A.B. asks: 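A single structure is presented below for examination.
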Amino acid sequence: MTTPDVTGRGLGLMNIPGAEEVMPPAATASPAQPTPSPPVATPAASALPQLKTPGFSPEAARQDFPILHRTVNGHPLIWLDNGATTQKPRQVIEALGAYYSAANSNIHRGAHTMAREATEMYEAGRAAVAEFLGAGSPDDIVFVRGTTEAINLVAQSWGRANLGPGDDILVPVLEHHSDIVPWQLIAKETRARVVPIPLTADGAIDQDAYADLLSYRTRLVAISHASNVLGTVPPVKEMTALAHRYDAKVLVDGAQAVAHFPVDVQDLDADFYAFSGHKLFAPTGIGALYAKPEILQAMNPWQGGGNMIDSVGFTETTFAPVPHRLEAGTGHISGVVGLLAALNWFTSFDRDAVAAYETALMTYAQQALATVPGMDVIGSAPDRIAVLTFTLAGHDPATIADWLDRDGIAVRAGHHCAQPALAHYGLESAARASLALYNTSEEVDQLVASLRRLQETDQETN
Ligand code: PMP
């Protein structure tokens with residue numbers, strides 16, 4: 001095959017003549033020279049276990065991220081906003097440059113070499129996503145802009161055809177707004193009902209309430225594989241099996257899960273599974289929807305246009321087979337190229353070792369944060385990803401985020417698009433540190449030291 005390798009494995013942008021001029025700064029050259037940050041005393045650090053996970057080193061991962069070598073407000077960047085989006089390894093950045101430098105073309109349409117090559121790359125991306133999710137075939141994968149679009153697609157296509165008056169859509173209170181609002185919109189049109197599944201005090205889905213709410217009226221259960229606000233990882237496989245006893249379908253929102261632990265959609269027996277590339281080290285604007293083949297094949301188009309038809313006439317128009325039938329218009333080709341590079345990069349790690357490292361880092365962070373006066377971390381379900389949402393006595397979340405930003409530490413403050421989940425704790429807003437494989441215990445120490453300084457400064461001024 002003569003297709004340029006833009007997968008991030010082989011050809012980098014540097015192999016293309018003139019490419020140096022369009023390359024972003026290399027990993028070692030920071031946009032701003034780091035100014036040494038003052039040494040921080042980490043009160044609890046000596047008491048905490050050292051983080052060593054066999055089979056994975058965050059330092060090796062960090063080397064691939066140019067952005068982690070920049071400074072913010074005179075301090076080395078500490079990126080703890082991975083729940084919002086992850087940073088991109090140079091393999092992804094270079095793959096995008098290589099694609100636009102040597103391989104750009106529309107797909108499927110032209111009969112020329114470039115179109116063929118671009119089509120091969122696009123379909124290689126689909127095959128890689130299928131493998132990553134454990135799907136049976138690349139044909140089970142629809143490319144979308146992200147998780148939000150995937151859920152809207154299911155609501156508008158499957159939902160419109162399968163929901164009717166009196167039908168129930170069960171949605172845990174835990175969900176992101178993008179796994180609530182699309183169901184509300186289609187429920188209004190079809191006169192179905194969106195029924196919230198309550199949470200327990202620790203932020204887990206109340207399984208007894210779930211079992212009670214399920215009935216033969218339940219058409220769909222929509223659950224996150226990991227919560228973006230509490231980190232909760234629900235027992236999705238068991239919940240799916242229970243839903244199937246009532247012939248209900250299950251949609252799993254994998255936006256926060258895929259970067260943290262291995263996923264197998266066939267093992268889960270999920271009917272739909274959605275994720276966003278940008279939370280998985282890939283570019284924004286690209287994501288994927290998996291659906292079981294028999295469900296996908298019965299799904300009607302939700303948008304019309306090019307690429308999704310077999311033939312168009314004013315008396316009759318016929319549609320292409322899935323997944324193309326659900327992908328109207330020109331897709332995000334470079335996004336797929338970037339996603340393919342991200343998957344190749346990410347799957348080169350021992351995924352179980354990555355998950356074990358992140359769990360150890362979260363335990364470390366929980367213990368370290370507990371030493372900050374006035375700290376309240378919300379959500380303590382037993383199975384969780386490394387998301388720490390907290391309030392700090394005496395400071396609103398926006399002030400906390402602003403203070404940390406001055407130390408180069410990026411956390412998010414606000415409602416995290418999960419207002420019902422925060423309301424469960426009587427909150428409208430909170431600060432959130434969300435960790436990824438490239439975060440270290442030293443960065444957690446810096447976070448804790450900065451928060452302690454905020455509390456000390458506060459005491460001095462009172
Ligand atoms: N679901 C969850 C659990 C999320 O965390 C997010 C993003 N914060 C989304 C859905 C929506 O993802 P996107 O904005 O990429 O479509």
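What you see is a predicted model, and the numbers here were worked out from it, not measured in a lab. Counting convention: from 1, in listed order, for ligands and their atoms alike. The figures that follow rest on heavy atoms only: side chains count, while hydrogens, waters and symmetry mates do not.
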A.B. asks: Run the ring-ring contact (aromatic ring centres under 6.0 Å, His included) check on F261 and H225 step by step: do they pass?
C.D. replies: CA-CA 10 Å; F261 51 84; H225 208 180; 4.9 Å; yes

A.B. asks: So what's ligand 1 close to, N/O to N/O, under 3.5 Å?
C.D. replies:
residue, atom, partner, partner atom, Å
ligand 1, 1 (N), D253, OD1, 3.3
ligand 1, 1 (N), D253, OD2, 2.5
ligand 1, 5 (O), Q256, NE2, 2.7
ligand 1, 8 (N), H176, NE2, 3.2
ligand 1, 8 (N), K279, NZ, 2.7
ligand 1, 15 (O), S276, OG, 2.7
ligand 1, 15 (O), H278, NE2, 2.7
ligand 1, 16 (O), T147, N, 3.4
ligand 1, 16 (O), T148, N, 2.9
ligand 1, 16 (O), T148, OG1, 2.6

A.B. asks: Which of parallel (below 30°), tilted (30 to 60°) and perpendicular (above 60°) describes F281 and Y438?
C.D. replies: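 Rings of F281 and Y438: perpendicular, as their planes differ by over 60°.
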
A.B. asks: For residues 127-146, which side-chain N or O atoms pair as donor and acceptor with protein atoms under 3.5 Å away, sequence neighbours left out?
C.D. replies:
residue, atom, partner, partner atom, Å
S137, OG, D139, N, 2.9
D140, OD2, S137, N, 3.3
R145, NE, E149, OE2, 3.2

A.B. asks: Below 4.5 Å, heavy atoms only, C-beta onward: do N439 and P58 meet side chain to side chain?
C.D. replies: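 Sidechains of P58 and N439: no contact.
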
A.B. asks: Could you walk me through whether N73 and D405 pass side-chain contact (heavy atoms from CB on, under 4.5 Å), step by step?
C.D. replies: CA-CA 8 Å; N73 296 326; D405 183 49; 3.5 Å; yes

A.B. asks: Can you check whether L251's main-chain N or O pairs, donor with acceptor, with D271's side chain at less than 3.5 Å?
C.D. replies: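 The answer is no, because no donor-acceptor pair under 3.5 Å joins these two groups.
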
